[in-house]
Amino acid sequence: MKEVKSKQIQEILKKAKTNLVVWIIVLICAAAIMALSFFMSDLRKSTSLHEILAAGESPENKLVHVEVSEKPYVFAYYPGDTTGKFYFLMDKEFMYVGFLSEKTFKELDVDSITENPVTVKGMTKKIPSDIKKLALEAYNEAVDKENKITSSEFADYFGLIYLDETEVDYMQVILLLVGVIGWFAGLGGAISQVIVVIRLNRTIKKFDEKEWETINKEMESDDAFYYKNAKLALTKNYLIDFAGGFKPIKYRDILWMYKYEYRYNGVKTQMSIILYTEDKKRHVVAALPGYTKKSKVVNEEIMETILKKNEKMLVGYTKENRNRMKEEYQIKA
């Protein structure tokens with residue numbers, strides 16, 4: 001790569017490389033957050049459902065677990081609901097109401113579960129009245145007459161909440177969402193900075209040593225004038241566009257110049273300068289807010305300076321200029 005002497009170009013490279021490091025860090029952190037979200041259910045501490053019920057509490061949306069040591073017994077489901085069914089879950093001492101997916105049920109419906117209990121985690125929910133009724137009927141059908149319970153006794157046996165194994169842990173969702181957004185933002189940011197560096201290097205390679213030396217000297221000359229908000233510099237022989245990187249344009253290569261105003265709902269929101277060069281390329285430079293007087297002054301000042309450097313160019317978006325550009329240079333605009 002040719003030597004970069006201009007402080008402006010050095011600053012662009014430095015900023016791009018610094019931003020690239022920052023975005024890579026964002027990518028790494030986002031990936032770590034996503035990984036954490038996948039293992040959240042294993043890492044996040046849950047409370048025993050039995051302990052909550054024994055304390056007479058009935059909180060909703062609380063992460064709980066049951067050490068299931070018997071095969072689950074299905075007693076209810078909603079027609080059309082493919083997420084899961086309602087089961088009686090049993091540990092070595094007590095019985096609970098749980099809502100399990102088909103996948104989890106199959107993992108628990110094994111003979112070895114008695115010797116090797118499986119921990120099932122889920123979020124707590126209030127037991128609906130219709131499910132309570134079905135659970136009561138199913139329980140009473142399965143036990144002897146002396147062990148049957150009444151509706152008023154239901155809460156003493158099963159509590160008022162059940163374990164929903166299919167319910168999403170909102171903390172896990174939030175972490176995953178933050179991770180995904182951060183990952184895409186980091187990826188996009190990193191790619192954009194790599195593009196800046198690649199484009200800059202490609203632009204520099206286009207110039208021979210002599211011309212590149214001239215550009216560097218002109219940019220560091222006292223005659224160079226920089227428009228910070230317009231992201232543009234005017235030197236002795238070049239217009240330097242810094243929007244999105246680094247693009248030197250020779251004044252003598254400009255064929256046509258006109259101002260462009262973008263309006264939204266009738267309001268002028270942005271103004272810029274359109275340039276067409278001998279290579280038939282269209283360049284949009286000096287994009288500024290269209291609703292300020294300062295933008296108008298700067299826009300006119302830049303156009304006047306460019307015109308002084310090349311009086312042969314066409315100026316203004318007119319029918320005559322459009323036809324001439326089409327006939328002489330095969331440029332349509």
Side-chain angles (χ1 to χ4, degrees), residues 1-2 4-20 191-208 211-262 269-290 292 294-317 325 329 331 333:
M1 181 177 173
K2 299 183 179 73
V4 177
K5 297 179 180 179
S6 168
K7 293 180 181 178
Q8 292 289 333
I9 304 177
Q10 289 175 355
E11 187 62 31
I12 293 172
L13 281 170
K14 182 181 178 181
K15 184 177 180 180
K17 291 177 181 177
T18 301
N19 289 341
L20 178 59
I191 291 174
S192 68
Q193 298 309 307
V194 170
I195 291 174
V196 169
V197 175
I198 291 175
R199 283 180 176 174
L200 181 55
N201 289 336
R202 285 180 178 175
T203 300
I204 293 173
K205 287 180 180 179
K206 291 179 181 178
F207 302 99
D208 56 39
E211 188 174 8
W212 178 242
E213 183 69 21
T214 300
I215 293 173
N216 274 273
K217 286 182 178 180
E218 288 193 13
M219 290 181 69
E220 294 303 305
S221 171
D222 294 335
D223 296 334
F225 197 88
Y226 290 87
Y227 294 90
K228 184 177 180 181
N229 292 337
K231 297 180 180 179
L232 179 144
L234 299 177
T235 70
K236 183 179 179 180
N237 294 291
Y238 295 88
L239 177 155
I240 313 292
D241 181 23
F242 293 111
F246 170 75
K247 183 168 61 178
I249 301 172
K250 285 183 181 179
Y251 297 124
R252 70 184 185 191
D253 291 341
I254 301 174
L255 300 174
W256 185 21
M257 173 178 67
Y258 61 87
K259 64 180 179 180
Y260 177 79
E261 297 177 349
Y262 178 79
T269 59
Q270 187 184 74
M271 62 172 58
S272 56
I273 299 172
I274 307 297
L275 304 173
Y276 279 91
T277 47
E278 290 183 350
D279 55 7
K280 299 182 181 182
K281 289 184 178 180
R282 180 177 183 268
H283 309 273
V284 181
V285 301
L288 294 165
T292 66
K294 185 178 180 180
S295 294
K296 183 179 180 181
V297 172
V298 170
N299 185 280
E300 292 176 351
E301 185 177 300
I302 292 173
M303 291 186 70
E304 288 176 6
T305 303
I306 295 173
L307 182 59
K308 289 178 182 178
K309 300 290 184 176
N310 180 356
E311 296 180 353
K312 295 181 180 181
M313 73 175 73
L314 299 180
V315 180
Y317 190 79
M325 292 300 295
Y329 302 100
I331 294 176

In sequence, state the C-alpha distance, the side-chain angles, and the governing distance for Glu278 and Tyr329, and then conclude on side chain to side chain donor-acceptor pair (under 3.5 Å). CA-CA 8 Å; Glu278 290 183 350; Tyr329 302 100; over 6 Å; no
Could you go through the side-chain contact (heavy atoms from CB on, under 4.5 Å) check for Leu239 and Tyr251 one step at a time? CA-CA 7 Å; Leu239 177 155; Tyr251 297 124; 4.0 Å; yes
Please test Lys247 against His283 for side-chain contact (heavy atoms from CB on, under 4.5 Å), starting from the C-alpha separation and ending with a verdict. CA-CA 10 Å; Lys247 183 168 61 178; His283 309 273; 3.4 Å; yes
Please lay out, stage by stage, how Glu261 and Thr269 fare under the test side-chain contact (heavy atoms from CB on, under 4.5 Å). CA-CA 8 Å; Glu261 297 177 349; Thr269 59; over 6 Å; no
Can you list the steps and then say if Val197 with Gln193 is a side-chain contact (heavy atoms from CB on, under 4.5 Å)? CA-CA 6 Å; Val197 175; Gln193 298 309 307; 5.8 Å; no
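The shortest heavy-atom contact between Tyr258 and Gly316 is CB-C, 3.6 Å.
Under a 3.5 Å cut-off, the side chain of Thr277 and the backbone N or O of Lys280 do not form any donor-acceptor pair. Distance alone, capped at 3.5 Å, places no donor-acceptor pair between the Tyr227 side chain and the Leu234 backbone. Between the Asn216 side chain and the Trp212 main chain, a donor and an acceptor come within less than 3.5 Å of each other. In this structure, the side chain of Thr18 engages the main chain of Lys14 through a donor-acceptor pair within 3.5 Å. The backbone N or O of Ser295 sits nowhere less than 3.5 Å from a side-chain atom of Asn299 that would complete a donor-acceptor pair. With hydrogens and angles disregarded, no donor-acceptor distance shorter than 3.5 Å links the side chain of Ser272 to the backbone of Ala286. For the pair Glu218 (side chain) and Asn237 (backbone), a donor-acceptor distance under 3.5 Å is present.
One finds the CD atom of Glu301 at 14.5 Å from the NZ atom of Lys296 (value rounded to the nearest 0.5 Å). Atom-to-atom distance recorded for Ile198:CD1 and Asn201:CG is 8.0 Å, nearest 0.5 angstrom. Of the inter-residue distances, the one linking Asn310 atom CG with Ile254 atom CD1 reads 6.5 Å to the nearest 0.5 angstrom. Going from atom CD1 of Ile240 over to atom OG1 of Thr235 covers 5.0 Å, rounded to the nearest 0.5 Å. Rounded to the nearest 0.5 angstrom, Ile215 CD1 and Lys217 NZ are separated by 12.5 Å. Considering OG1 of Thr203 and CG of Asp241, their distance stands at 10.5 Å, rounded to 0.5 Å.
Gln270 and Tyr260 form no side-chain donor-acceptor contact under 3.5 Å, judged by distance and modelled atom types alone.
In this structure, Leu307 and Met303 have side chains that are not in contact, with every pair of non-hydrogen atoms separated by 4.5 Å or more. With a 4.5 Å cut-off on side-chain heavy atoms, Ile195 and Ser192 do not count as touching. At least one side-chain heavy atom of Met257 sits under 4.5 Å from a side-chain heavy atom of Ile306. Looking at heavy atoms from C-beta onward, Met219 lies in side-chain contact with Phe246 at the 4.5 angstrom threshold. Here the side chains of Asp253 and Asp279 are not in contact, with every heavy-atom distance at 4.5 Å or above.
For the salt bridge (Lys or Arg N to Asp or Glu O under 4.0 Å) test, residues two or more places apart in sequence or in another chain that qualify with Lys250 are Glu211.
Between Tyr317 and Trp256, the ring planes lie parallel to each other; the angle is under 30°, not in the 30° to 60° tilted range.
Partner Leu288 forms a side-chain contact (heavy atoms from CB on, under 4.5 Å) with one of Leu232, Asn229, Ile273 and no other, that one being Asn229.
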